[in-house]
Amino acid sequence: MANLRVHNDRLEVHLTPAEKSLALRSADVIVQRDDIRSATITDDPWIWIRGIRRRGAEVPLVVAAGVWKTHSGSDFVLVKGKRQAVVLELSGGEFGRLVLSTSHASELIDKLKVGVPTEAEAEADAAAPDAPGAGGPGAGGAGAGGRVAGADFAAEETSGD
């Protein structure tokens, strides 16, 4: 399985040579942490695959690897069997969504801390709750522009198989 590395500023999905061959991709997937809007753990990753396969390989309910084209952009999918997976909704970059099978989904979510404002953002939100972009009710989503807290992380942490 792919090796997922969480850094202070990015998430790296290091693909094995077999996964690169299946996905018809030569490079690893790198996502900026500021682009991650939400993260969801799912027990059935197959229902999260949307669109039409553009590049890659798929054997239904066995393996899906590659890029799926949707009306709103592209998704990167790396799903194996009925394993638990993480679905990352992205706001910018190469893909709109990542669907990744991993046996360490809850650890990955904890390391990403999606939607948790930093102390400075929390103080700013408390000081000006009616200001535009404040993370109060009705702000829509992960608060403070969907930024991810990164102050609590070491230089490099790993999660994956």
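Remember, predicted model here, so these are calculated numbers, not experimental data.
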>> Using the rule that Ile, Leu, Val, Met, Phe, Trp and Tyr join whenever any side-chain heavy atoms are under 4.5 Å apart, tell me whether L90 and L100 fall into a single cluster.
In response: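 Looking at the clustering, L100 is in the same group as L90.
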> Should I41 and V6 be counted in the same cluster of Ile, Leu, Val, Met, Phe, Trp and Tyr side chains packed under 4.5 Å apart?
Replying inline: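 Yes, because I41 and V6 connect within a single hydrophobic cluster, where side-chain heavy atoms sit under 4.5 Å apart.
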Closest non-hydrogen atom pair between [X] and [Y], with its separation:
X: D75; Y: R50; value: OD2-NE, 2.6 Å
X: D28; Y: R25; value: O-NH2, 3.7 Å
X: K80; Y: V63; value: CG-CG2, 4.2 Å
X: A85; Y: P45; value: CB-CB, 3.5 Å

> Is L24 isolated, or which residues cluster with it under the ILVMFWY side-chain rule of less than 4.5 Å, directly or via members?
Replying inline: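 L24 clusters with nothing; isolated.
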> Other than L61, which residues form its hydrophobic cluster under the rule that side-chain heavy atoms must be closer than 4.5 Å?
Replying inline: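 So far as hydrophobic clustering goes, L61 is joined with W46, I47, W48, I49, W68, V77, V79, V87, V99.
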Quick one: does any side-chain atom of [X] pair with a main-chain N or O of [Y] as donor and acceptor, under 3.5 Å?
X: S74; Y: V67; result: no
X: E19; Y: L78; result: no
X: R83; Y: S103; result: no

From [X] atom [atom1] to [Y] atom [atom2], the distance as rounded to the nearest 0.5 Å:
X: L15; Y: L4; atom1: CG; atom2: CG; result: 9.5 Å
X: Q32; Y: E94; atom1: CD; atom2: CD; result: 12.0 Å
X: L88; Y: D35; atom1: CG; atom2: CG; result: 11.5 Å
X: E89; Y: T40; atom1: CD; atom2: OG1; result: 6.5 Å

> Which pairs with one or both residues in residues 69-88 pass ring-ring contact (aromatic ring centres under 6.0 Å, His included), sequence neighbours excluded?
Replying inline: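 As it turns out, the ring-ring contact (aromatic ring centres under 6.0 Å, His included) pairs with a partner in residues 69-88, which skip direct neighbours, are F76-F95.
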> Is a salt bridge present between K82 and D43, judged by a nitrogen-to-oxygen distance below 4.0 Å?
Replying inline: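 Salt bridge flag = no for D43 with K82.
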>> Quick check: do D9 and R33 have side-chain heavy atoms less than 4.5 Å from each other?
In response: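 With C-beta onward as the side chain, the pair stays apart.
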